[in-house]
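Below: the structure, in structure tokens.
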Amino acid sequence: MNRPRTTVAALAAGLLAAGTILALSPSAEAASTLGAAAAEKGRYFGTAVSLNRLSDSTYSSILNREFNSVTAENEMKIDALEPQQNQFNFTTADRLITRANEMGAKVRGHTLAWHSQQPEWMRNMSGTALRSAMRNHITQVMTHYKGKIDSWDVVNEAFDDGNGGRRDSNLQRTGNDWIEDAFRTARAADPAAKLCYNDYNTDNWSWAKTQGVYNMVKDFKARGVPIDCVGFQSHFNSGSPYPANYRTTLQNFADLGVDVQITELDIEGSGTAQATTYGNVVKDCLAVTRCNGITVWGIRDTDSWRASGTPLLFDGSGNPKPAYNAVLSALNGGTTPSSPSSPSPSSPSPSSPSPSGPTTPGACSATTSVNAWTGGFVTTVKVTAGSSGLTGWRVAVTLPGGSSVTNTWSASASATSGAVTFSNVSYNGRVAAGQTTEFGFQGTGSAPSGAPTCSAA
Ligand code: G3I
């Protein structure tokens, strides 16, 4: 992946190793791509991807450069994966997963149970036959992609727009418990994936639909129905504008004990007004600790399902719009990156002391959260930079005997069992003072129980 920031990081690391005293201007801390800037905040920045656009070199290079999470725009929907009952076609979606792996990107799975985009055989079903077909679809698809998906939209758009109740659909008519049935089936199929409920028009805290979804999630958490995240599609236009209480909505859902993700962001408009709204959405996500990622619903305006509303971050020629600059600046905490190819504004000044004093990279701390089940676990590790910031980090853990690491993301592991050291990858080594980044690993057996040790690299 072309990540120009690594040039600056490598330069800085080399100079530090030589004992040179550095004065890095604030712009040296500003990442120059969306994915890198989000990673520095412990988040991902993703996009919806259409496989048939990957042959377009402009599209493809923006994808590689800017994003570290992908969602299949249509290729993982029910009609695409199970065109005939119990006959699955994973070929197209697999190619997209391969591309994501090559990019080192996370994948959001979209979507397992939905009233729309059902294949004809499913549209004609009802009752217990439909319920078991839904379960079979979830189980087969999640088993095929086990360990490869960060978050799944298990259920999509199940609420009615007007009254805050459930939307009528063939799935709803199988019984009100169809949503929790879907989540329980999903947890059994891939216990490591985050399980999300995803919907639109749930951004305004005062709307009945938002309250309806909130009450369902609250009830699920109270009764132990396995749900890990709520996706806010956030398709904004004049009929469904960005609401002033958006941050309140995200925070109130997060306070129920779920992650929140902005899953299909697009904002119709242009120029400064559009840019300002995009910046506000990003700031809202960054203000909510459990808002762990943003996905825009396409790359260029011409790729959008609402192309005439020019709702995305790049114009039809692939040039970044003011909205792009606003998003990048918000991700960087208000700082504008220097030209990626020119490190001159951050060039070292041997005679100036470092703003924070020390001549070596600052220390760090690491905390873990564990999702464990019989025979396996997923550990998420949050690395927090000390007062000097980091240009690279290592986190050491010790696995119990008989346990081993089977999969690692956003870090590389030195071993699969016993004493394991995880090191940053190219895009998340630089962490500004007090800021965090996240990585994770999945394993068989039991998770490490002792405190991890973090050191600067
Ligand atoms: O690929 C076929 C093409 O062969 C055919 O000639 C043509 C004729 O209609 O259709 C093409 O497929 C279309 C597909 O997009 C690819 O362009 C489908 O008709 C069309 O229905 C489909 O629309 C997608 C829509 O979901 C379907 O529900 C949009 O691309 C996609 O952006 C949109 O995404 C949804 C999310 O999944 C859920 N939230 C809302 C969001 C926007 O509607």
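Keep in mind the model is a prediction, meaning the values are calculated, not measured. Numbering of ligands and ligand atoms starts at 1, following listing order.
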Looking only at protein heavy atoms, which one is nearest to [atom], and what is the separation?
atom                    : result
atom 28 (O) of ligand 1 : Gln117 OE1, 3.4 Å
atom 38 (C) of ligand 1 : Glu157 OE2, 3.2 Å
atom 39 (N) of ligand 1 : Glu264 OE1, 2.7 Å
atom 26 (O) of ligand 1 : Lys77 NZ, 2.9 Å
atom 14 (C) of ligand 1 : Asn74 ND2, 3.8 Å

Within a distance of under 4.0 Å, is there any protein heavy atom near [atom]?
atom                    : result
atom 34 (O) of ligand 1 : yes
atom 24 (C) of ligand 1 : yes
atom 7 (C) of ligand 1  : no
atom 12 (O) of ligand 1 : no
atom 20 (C) of ligand 1 : no
atom 1 (O) of ligand 1  : no
atom 41 (C) of ligand 1 : yes

Subject >> Which segment of Asn198 sits under 4.0 Å of ligand 1 when only heavy atoms are counted >> reply: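 For Asn198, no heavy atom sits under 4.0 Å from ligand 1.
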Original post:
What do we get for Trp297 next to ligand 1 when only non-hydrogen atoms under 4.0 Å count, side chain, backbone, both or neither?
Top reply: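 The answer is the side chain.
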Original post:
Taking Tyr214 as the fixed residue, which of Phe232, Trp205, Trp207, Phe220 is the one that meets the ring-ring contact (aromatic ring centres under 6.0 Å, His included) rule?
Top reply: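 Considering Phe232, Trp205, Trp207, Phe220, a ring-ring contact (aromatic ring centres under 6.0 Å, His included) with Tyr214 is found only for Trp205.
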Subject >> Expected output: side-chain Thr174 to main-chain Leu171 donor-acceptor under 3.5 Å >> reply: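 Answer holds: yes.
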Subject >> Over all atoms of both residues, closest heavy-atom pair of Gly298 and Leu312 >> reply: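 Distance-wise, the nearest heavy atoms are C-CD1, 3.5 Å.
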Original post:
Is the closest heavy atom of His110 to ligand 1 under 4.0 Å?
Top reply: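 It does; at least one heavy atom falls under 4.0 Å.
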Original post:
Nearest 0.5 Å, what's the CG-CG distance between Asp266 and Leu313?
Top reply: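 The distance works out to 10.0 Å.
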Original post:
How far does CZ of Phe236 sit from OG1 of Thr277, to the nearest 0.5 angstrom?
Top reply: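 The OG1 atom of Thr277 is 9.0 Å from CZ of Phe236, to the nearest 0.5 Å.
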Salt bridge or not for [X] and [Y], using N-O below 4.0 Å?
X      : Y      : value
Arg53  : Asp56  : no
Arg173 : Asp168 : yes
Arg131 : Asp177 : yes

**OP:** Give the intermediate values and the outcome of salt bridge (Lys or Arg N to Asp or Glu O under 4.0 Å) for residues Arg187 and Asp228.
**Re:** CA-CA 10 Å; Arg187 180 68 96 225; Asp228 306 308; 2.8 Å; yes
**OP:** From atom 31 (C) of ligand 1, work out which of Glu75, His235, Glu73 has a heavy atom at the shortest distance.
**Re:**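 Nearest heavy atom to atom 31 (C) of ligand 1 lies in Glu73.
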Original post:
Do Lys283 and Tyr246 meet the cation-pi criteria used here (NZ or CZ under 6.0 Å from the six-membered ring centre, within 45° of the axis)?
Top reply: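 Not satisfied by the 6.0 Å and 45° rule.
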